[in-house]
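The sequence lines fix the lettering, A, B, ..., with proteins before strands; numbering per chain opens at 1.
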Amino acid sequence: MQYRLIKTEPYKYSWEKFVKEKKTFWDGVRNYQARNNLQAMKKWDICLWYHSNEWKEIIGTAKVVKEAYQDPTTDDDRWVAVDLVPEKQLNKPVTLEQIKQEKNLQEMTLLKQQRLSVAPVTKEEYNRIISLGMS
DNA sequence: GCCAACGTTGGC
DNA sequence: GCCAACGTTGGC
């Protein structure tokens with residue numbers, strides 16, 4: 001089981017819309033590092049769902065239900081997509097501000113590489129976020 | 001809306 | 001293969 005963090009801009013594709021639709025495919029990644037992270041995803045891996053821009057918070061988690069396949073939005077075979085379904089919503093979103101203040105979360109890729117749209121997350125970081133979000 | 005950080009492109 | 005120029009992202 002692996003954990004990752006994926007970013008969306010809420011006005012493009014929000015958590016609310018995701019929950020309503022019950023499923024989405026994660027496409028449009030045009031960055032090699034993010035692509036590599038996408039390709040490494042396995043079925044049932046968990047992704048933290050992060051809203052960038054004005055929200056700046058982790059709001060819920062998603063489960064991978066289909067591993068990387070050719071991105072349907074492009075003919076370019078360098079890019080891939082995965083299918084996700086909502087797993088759980090946090091009682092209380094974990095904000096970027098909180099993450100910055102958490103001693104144990106300083107090493108998160110989210111903080112180190114702000115532009116990466118699909119980032120790895122360790123089990124410890126994941127557990128920490130969930131306990132913050134569920135408290 | 002600005003700008004820093006960083007990824008990508010293309011000329012050499 | 002290097003690196004300057006350029007474009008995009010995302011926090012503020």
Counting only N and O atoms by type, is there a donor-acceptor contact under 3.5 Å from the side chain of A:Glu67 to the main-chain atoms of A:Lys43? yes
Sidechain-backbone polar pair: A:His51 side chain, A:Ile59 backbone, donor-acceptor under 3.5 Å: no
With heavy atoms under 4.0 Å as the rule, sort A:Leu116 into base, sugar-phosphate or nothing. nothing
Any side-chain heavy atom of A:Val121 sitting closer than 4.5 Å to one from A:Met108? yes
Side chains of A:Leu5 and A:Thr109, heavy atoms from C-beta outward: is any pair under 4.5 Å? no
So, taking the atom named [atom1] in [X] and the one named [atom2] in [Y], what distance separates them when rounded to the nearest 0.5 Å?
X: A:Ile99; Y: A:Asn104; atom1: CD1; atom2: CG; value: 12.5 Å
X: A:Glu125; Y: A:Gln106; atom1: CD; atom2: CD; value: 10.5 Å
X: A:Leu132; Y: A:Glu102; atom1: CG; atom2: CD; value: 4.5 Å

Would you jot down, in residue-number order, the residues of residues 97-110 of chain A having a non-hydrogen atom under 4.0 Å from DNA chain C? A:Lys100
How does protein reach along nucleotides 2-10 of chain B, written 5' to 3' as B (base within reach of a heavy atom under 4.0 Å), S (only sugar-phosphate), or - (no contact)? ---BBSS--
Looking at A:Asp76 and A:Arg30, is there a salt bridge between them, counting it only when a charged N and a carboxylate O are closer than 4.0 Å? no
